[in-house]
There are 2 protein chains.
Amino acid sequence: MSSERLIYLPLGGAGEIGMNAYVYGYGAPDKERFILVDLGVTFPDMDGTPGVDLILPDITWLRERADRLDAVFITHAHEDHVGAVAHFFDDLKAPIYARAFTANIARGKLAEFGISETAVRTVSAWPEQVTAGPFTVGFLPISHSIPESAALVIDTPDGRVIHSGDFKLDATPVVGEPFDPDLWAEVSKGGVKALICDSTNVFSPDPGRSEASVGPAIEELVAAAPGMVVATTFASNVARVKTLAEAGQRAGRSIVLMGRAMRRMIEAAQETGVLSGFPTVVSAEAAQDIPRENLMLLVTGSQGERRAASAQLARGKYQGLEMKEGDLFLFSSKTIPGNERGVIRIMNAFSEKGVDVVDDSTGHYHVSGHANRPDIERLHDIVRPQIVIPMHGEHRHLREHAKLATARGMQGVVAVNGMMMDLSGNAPTVAEYVETGRTYLDGSVKIGALDGVVRDRIRMALNGHVTVTVILDESDEPLGDPWCDIMGLAETGGSGTLLVEVLEEDLGQFLGRAKGKTLKDDDKLEEEMRRIVRKTAQDEIGKKPEVTVVISRMR
Amino acid sequence: MSSERLIYLPLGGAGEIGMNAYVYGYGAPDKERFILVDLGVTFPDMDGTPGVDLILPDITWLRERADRLDAVFITHAHEDHVGAVAHFFDDLKAPIYARAFTANIARGKLAEFGISETAVRTVSAWPEQVTAGPFTVGFLPISHSIPESAALVIDTPDGRVIHSGDFKLDATPVVGEPFDPDLWAEVSKGGVKALICDSTNVFSPDPGRSEASVGPAIEELVAAAPGMVVATTFASNVARVKTLAEAGQRAGRSIVLMGRAMRRMIEAAQETGVLSGFPTVVSAEAAQDIPRENLMLLVTGSQGERRAASAQLARGKYQGLEMKEGDLFLFSSKTIPGNERGVIRIMNAFSEKGVDVVDDSTGHYHVSGHANRPDIERLHDIVRPQIVIPMHGEHRHLREHAKLATARGMQGVVAVNGMMMDLSGNAPTVAEYVETGRTYLDGSVKIGALDGVVRDRIRMALNGHVTVTVILDESDEPLGDPWCDIMGLAETGGSGTLLVEVLEEDLGQFLGRAKGKTLKDDDKLEEEMRRIVRKTAQDEIGKKPEVTVVISRMR
């Protein structure tokens, strides 16, 4: 027995917010049986990942051990927890367990890849448990900003581990189960070896506010609005969408849901019974016959996404509806760091139309779905684990959370992606460092973050690109002049002559001077010509472009 | 006299925060004499302007009328107000007027371009006035986050106009003149036709706080720190740098200034006499011999700029100094929207080193340099202008500010870049729409924002690039196979064969089938081959790349 061990290995989500994927294992070293908790994505941006469609965790390590993986458990249906299930299903081929709402969303994702819905098995809330290899796992309800979020109670031969999932402590969550401290105390009372715990809001000093607290302010705002009201929030925040819709309904407005994600989430919530009594909605088409002061649109795009409904409405007509002077647009959401520019762009576009924009700067129209520092402390106090391993956070969140736990008498441990922790003994130790990273979905292909593909795209974006073509005859003499094409570079530089002409002139002179040995050597020739292009471009326009040299030989 | 008019024309800064450039004119239509207030820059980002070095206003309109420009007035030395003076000096060739500190900074910029320092004329504060064509202009001191900020009192044949510049109402600004409400009342008492007024913080509901208010909290934090303390702020906030340095000095620490901009600003403030009693600083070299608990570094890079001192320290050693576990890094600054990712990157890098990072989330370590809504109202009340034209703001700020003015009995007018306002009559009217925009400094070359150069770079970043080379013989028959090079694209796609091989195969087949008419026609051939590359790449890897086709003919 002493040769067996309990391990915890984050492959994503520990050292970043997004792309969650946590492995638990039990058994003799290199013979452990595994379960995976969550399999999410993160989103690309122009800064670091231009042109990339989606960022997935690099699960190479787990794929190579897929025969030892008994199950995948999904805590809730946010993209950063469930978004990669379909992309990696064929690699892992393990059954996926989730509660009904989450399972509904996961099945939708698998269906897009032609994967059978039987791959996902619906599990009821605690006390139901699933056995997966050496683990017995139950879904313990906890409040968050999406229906049916659950912590996982993972019973192992080495004791009970609780994986919090994303959570807040909400006694009045509008949709779904309130946080039940008694149930959590009951589950924890036999002793909890480790709490693997959400760290997102560890720097927020005040207790978190309930989802129910935003209702009155929203209702007041909507009731007072003279024109059309359009509100956006995270589509998956079904409780918020309900609060918004009810505010509209009470103000005598017809509700329109716009944006695929918004409709999909409400549909899933209704199908699985977590949402009832949602106001009747009308189609965008029917809305065109309703006076604007009697309309309320609930739309996707709270993060300023260019293709979402909010951005379309900011640009002009969308599905036949258009915002006008005197209308109101409400961001019932916060802007995720990095998305500010897109959100501000929309706000200004609405301002130009004379639309009044209200956001959450007052704190009245949005609450976070994550536990703030005092809430985290409260959960620690209820569970009273031996070890706290912070997850779902950037390094600074994990470190702060671990310090918090340590200061309060528990063992706080920072374990970032790739750090395999052995939790068997009295103190957790690092068993191994596993290579992790990011996989890019780029068009229809998966590429490694370090493959250099995106690096080359960034370089072209920063430096522009020059194509050089040269043809050499049978005796390795240049046939005609070299030819240059530029892309993403100023046409004319300091000399006042076209850049391509200056480049071709300098390359032509070089070829005229070049020795036979150089002319015979493709690598040497390419290297020299690239150097000349970069030097000449630097002199002419102050930039060193990326260069493709094409050498054709007539032999 | 009735044929003459007073005009206001923003060329930059009205509809954005940054790149300020405001024209005032007086005279018969198309014969007005002009002055320009401020000539600033704005900063590029990867989202919209990858590879661009600096963004300047498009001043084509003014350049074409430069013979009618009598003077340039600079309100203060922030980059978004003074940053473009050297870049456009040869286009405008007008004398530049500024107060001593601002003039010092402006001369430094001109010197880098080899322009004589006599181009900048130092003006004392009000009541000194400068005559420029039909205008008489004085610099009225007002507090902001840089020394010697000034509003401009512009006397015109049509009455007095006040251009606020950037401002806050600070009775204890630490460095420079406190806001003097009596002086402002005195200047305004004869009646003010128009107040052109900073709008940045119009959405901030509470009165702004004084620069002096951050001193005690900073002092307490620094005094309690066990290790090395490193603090960053905007280099130009000389008052803050002084506050930080004094906190260090009182805690028995030696002060090191790191980063060129930081040293330059302190130097300029000392040279011009606006800063005195600044603690003695030691060099980074000398600091290596001082125990870390006796050191305080003041560094550039509050916005997470990759090449600034803060980012270098986050990565490792900088000028021989390195941050370690137990050290403290203070952001005595706010993150400008859009810069969040860079700042967070640094925070996490420090977290990995065990450095404690303190930012302004508590509101204790930074105050804004701009007037909040109640402060704006207070200035309106002191000046009591007939017209308020909001400037220095995005559209949403301008609109809100104009609404505020109108609600309080003044004429609030939104005038965005390019809107020439005629202020002569009782109500301002739009005289003309002038084409404005952005000019990119790209390497050493200025290019227009709409030239397509940066658009091509963005496309390469999103889509990757393929070079196709084909050689045709004297009778327009393909000589060998077409050749493809890819950059920024996955090497292998869905078929499992190398992407270039699939492309070359498809292009080869096309050339084999192509009619003589197509093969003879460069444009047609290029178009077809581009189409095939995009179609094949879409099938293979799900992306449509940018394509350069090079056709060489042996004739």
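Computation of the quantities below employed the complete heavy-atom set of this structure, encompassing side-chain atoms and omitting hydrogens, waters and symmetry-equivalent molecules. Residue numbering restarts at 1 for every chain, and letters A, B, ... go by the order of the sequence lines.
Only the side chain of A:D485 has a heavy atom closer than 4.5 Å to any heavy atom of chain B. Heavy atoms of A:S361 lying under 4.5 Å from chain B are absent altogether. There is no contact between B:S204 and chain A, counting heavy-atom distances below 4.5 Å. Neither the backbone nor the side chain of B:V468 comes within contact range of chain A; no heavy atoms are under 4.5 Å apart. Residue contact with chain A, scored on non-hydrogen atoms closer than 4.5 Å, involves the backbone and the side chain of B:I541 alike. Proximity to chain B is limited to the side chain of A:L479, based on heavy atoms less than 4.5 angstrom apart. Residue B:K446: no heavy atom, backbone or side chain, is found under 4.5 Å from chain A. Of the atoms belonging to A:E400, not a single heavy atom falls under 4.5 Å from chain B. Proximity to chain A (any heavy atom under 4.5 Å) is shown, for B:L398, by neither the backbone nor the side chain.
Salt bridge B:R396/A:D359: absent, no basic N to carboxylate O contact under 4.0 Å.
Between chain B and the residues A:V454, A:I447, A:T335, A:D356, the most heavy-atom pairs under 4.5 angstrom are made by A:D356. By number of non-hydrogen pairs under 4.5 angstrom with chain A, the leading residue of B:G338, B:P205, B:P337 is B:G338. With chain A as the partner, the residue from B:M46, B:E340, B:H395 showing the most heavy-atom pairs under 4.5 Å is B:H395. Ranked by heavy-atom pairs under 4.5 Å with chain A, the list B:E540, B:H397, B:R455, B:E394 is led by B:E394.
The shortest distance between side-chain heavy atoms of A:M460 and B:H465 falls below 4.5 Å.
No donor-acceptor pair closer than 3.5 Å links the side chain of A:K543 to the backbone N or O of B:V445.
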From CA spacing to verdict: salt bridge (charged side-chain N to carboxylate O under 4.0 Å, His left out), A:D47, B:R345: CA-CA 12 Å; A:D47 275 344; B:R345 194 182 302 121; 5.1 Å; no
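Nearest heavy-atom pair, B:A461 versus A:A461, reported as atom, atom and distance to 0.1 Å: CB-CB, 3.5 Å.
Take A:E16 and apply the salt bridge (Lys or Arg N to Asp or Glu O under 4.0 Å) test, not counting sequence neighbours, and it matches A:R438.
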